[in-house]
Number of protein chains: 2
Amino acid sequence: MKKISLLGSTGSIGTSTLDIVRRNPESLKVVAMACGRNIDRALEQVKEFRPELVSVTDEADAAKLRARLDGTCEVLFGEAGAVKVAVHPDARTVVSAIVGAAGLQPTYAAILAKKEIALANKETMVVAGEFMNAAARQHGVRILPVDSEHSAIFQCLNGEDSKRVRRLILTASGGPFLNKPKEEFATITVEQALKHPNWSMGAKITIDSATLMNKGLELIEARYLFDIGPEQLAVCVHPQSIIHSMVEFQDSSVMAQLGLPDMRVPIAYALSYPDRIPNDLPSLDLPRLANLTFFEPDEEKFRCLKLAKMAMSEGGTMPAVLNAANEIAVAQFLEKKISFLQIAQVVEETLQGHSRQTPRSLEEIVAVDQWARRRASELAAA
Amino acid sequence: MKKISLLGSTGSIGTSTLDIVRRNPESLKVVAMACGRNIDRALEQVKEFRPELVSVTDEADAAKLRARLDGTCEVLFGEAGAVKVAVHPDARTVVSAIVGAAGLQPTYAAILAKKEIALANKETMVVAGEFMNAAARQHGVRILPVDSEHSAIFQCLNGEDSKRVRRLILTASGGPFLNKPKEEFATITVEQALKHPNWSMGAKITIDSATLMNKGLELIEARYLFDIGPEQLAVCVHPQSIIHSMVEFQDSSVMAQLGLPDMRVPIAYALSYPDRIPNDLPSLDLPRLANLTFFEPDEEKFRCLKLAKMAMSEGGTMPAVLNAANEIAVAQFLEKKISFLQIAQVVEETLQGHSRQTPRSLEEIVAVDQWARRRASELAAA
């Protein structure tokens, strides 16, 4: 029986995680969960999964939830509550699926408490990769990826020595504008950018997929998750998204993980590794899928990818600045305050205004993140 | 330092194996080798690799070779000599690359001597799979595949529990007649059948690729190598031969191994597993390879594949009969004594004339093999 603390229970990864727990009551059990403001959903989840502890964002919501529960589940709130969930003494694994910077502190607390981490929160590695890795090494903690591309790479590595890796190759769908001429990028609308060809996701990540910033952030995540040099990381555009990512080894052999787009597969893998949990998902029917195609990404057209690679190569606080500036720029684009092309422009100018540092604490990282958000907001308003 | 006995040193797999040894003198050493009648090549190999023992097919050749060596290398001949090579006390691994039935006895001797087997000889598993597996289990011997498809599957499994496998999917190029209409199969010439689109191989295996019997034999080999049920084995036609084979796990995740066609990669993997030996082969350039396509095999057009699946499902001595009848039929086709379509016909009628047995010794298997060859020859002459 693997006991789990679930950070971000009401989001997309959280509900998929609970679906896996529901189907495997003999091997998985949720002992604590944290969520945001969706307390109706949280109430249902607590009633079904019977954790010992739940934490929500607001104190008022915590009081409401407590009133509607029978007292068998402790109810907390805020960052301190989420941290309590992360370090729950019964939990062996923490699923880190709170979106954004709010996931950093609880994930860090889980590492300090020597919990195994199933990591869905990108920011942990993008914003604080070196820092989190150092903490994980120090406390003997294993960080297992949940993201589909990183799970693919983890499955391809499957315990092989990272010294034997020639390249990690992340596949990218290429997003809705793969074949759009560069000249037309200036007139891309929010509605056009929100139409992703393969995956149904939130607005922020869908825009990141359209700019390829998502792939850039994944490169940075991979760099730290797999402790691999920036020069060994490549992106390959693969519009069908059937190959989720690949590892090329030093003997020229390439391992690839393929599948239909269903997040329950990588989540379940992270929860069962090195075993696999059987499911009844249909088999991949390659003959029915027609062609698999592959292209080099066009970094002139998708400048966010180029900027992400630059930030990855520089390391230190640069990825944190990239991520924060991008969050602001995408939010401004979604509010129709800046154009599609200005997203990369805001990110680039924010990066240019920052001098690389090596952060020694989570507080320093948060300070850099906040500076970058302010700077990007100014640039977007200019 | 891994010490190797090499059975079949002058053939294609043998020379590729020696090329790997040549490039890795600090980790690989050949202590004994066996070959056939190419004693000029054998002489060169002995002078370069300095084994302690070499064995050739004929007594007269052994005498000639002995006269041309300086006495530091023992020279033997015949099956007894090949067996001595297989059980050489210094060898930890035996590369079994003698072609055809002649490889059976030395491979079996190596298993009894508790040597790790790097298996290129298909007949070991096709003709005597259950028998060899029982011996390997009894003596705690690991059999590592060298064949490109089976190495791909082995790399995809990479130590995962075979109970978690849903299907093993062998890819097939489809051969030169993939898109030829069935009506035209009756007029296929030897010259047409010898033109393989992707691999340069011997005549027998090239014809087997054209009939898809090669893939059928590989299915049988996979069944025993990976101890997997016949219903879990599938063939997928993939004309580009970039994906060398795949494993679908019970969580619907599919692992694939990709690469350029170079036998040194799977041979080196078998010799270095679980490590990999770096090489300077070029990286797989997926964007330059254009499309990867996949089709269901047409078992009405390629009846040899259907016959192989039937023999695999029945098990026992049926695969041995299939293999022997096919060898005779292909030889007769290459001599233009029977037509392309008659290959499957001879195999089918030979199978129909045999009652499945469970062989208890290598002698019983050899007797069935010889019966099938006689029967197939009669059928081909009729």
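Atom set for the values below is all heavy atoms of this structure, side chains included, hydrogens, waters and symmetry mates excluded.
With chain A as the partner, the residue from B:N279, B:I242, B:V265 showing the most heavy-atom pairs under 4.5 Å is B:N279. Per-residue heavy-atom pair counts under 4.5 Å with chain A were compared for B:T293, B:V247, B:N158, and the maximum is reached by B:N158. If you tally non-hydrogen atom pairs under 4.5 Å between each of B:C236, B:A152, B:G159, B:S252 and chain A, the highest count goes to B:S252. Listed options A:D275, A:I277, A:L289 were ranked by heavy-atom pairs under 4.5 angstrom with chain B; first place goes to A:D275. If you tally non-hydrogen atom pairs under 4.5 Å between each of B:C156, B:S151, B:G259, B:S253 and chain A, the highest count goes to B:S253.
Residue A:R276 touches chain B through both its backbone and its side chain, counting heavy-atom pairs closer than 4.5 Å. With a 4.5 Å cut-off on non-hydrogen atoms, A:L286 touches chain B through its backbone and its side chain both. If you measure heavy-atom distances from A:E248 to chain B, the contacts under 4.5 Å come from the side chain alone. For a residue to count as touching a neighbouring chain, one of its non-hydrogen atoms must lie under 4.5 Å from one of that chain's; by this rule A:D161 does not touch chain B. Using a 4.5 Å cut-off between heavy atoms, A:A268 does not touch chain B at all. In this structure, no portion of A:I20 lies under 4.5 Å from any heavy atom of chain B. A:P282 touches chain B through its backbone: at least one of N, CA, C or O sits under 4.5 Å from a heavy atom, while the side chain does not. Within the 4.5 angstrom heavy-atom criterion, only side-chain atoms of A:R167, from C-beta onward, approach chain B.
In this structure, B:T171 and B:K215 approach most closely via the heavy-atom pair O-NZ, 2.9 Å.
Here B:Q257 contributes atom CD and B:Q155 contributes atom CD; the two are 4.0 Å apart, rounded to the nearest 0.5 Å. To the nearest 0.5 Å, atom CD of residue A:E299 and atom CE of residue A:M310 are 10.5 Å apart. A distance of 4.0 Å separates CD in A:E116 from OG1 in A:T93, rounded to the nearest 0.5 Å. Taken to the nearest 0.5 Å, the CG atom of A:L157 stands 5.0 Å off from the CZ atom of A:F249.
At least one donor-acceptor pair under 3.5 Å links the side chain of B:D298 to the backbone N or O of B:K301.
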Walk me through it: do B:R264 and B:D19 pass the test side chain to side chain contact (heavy atoms under 4.5 Å, CB included)? CA-CA 8 Å; B:R264 286 174 298 180; B:D19 188 47; 2.9 Å; yes
Worked check of side-chain hydrogen bond (donor to acceptor under 3.5 Å, both in side chains) between A:S283 and B:R166: CA-CA 9 Å; A:S283 291; B:R166 210 186 261 176; 3.2 Å; yes
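Ring orientation note: the planes of A:F294 and A:H238 are close to parallel, at an angle under 30° on the 30°/60° scale.
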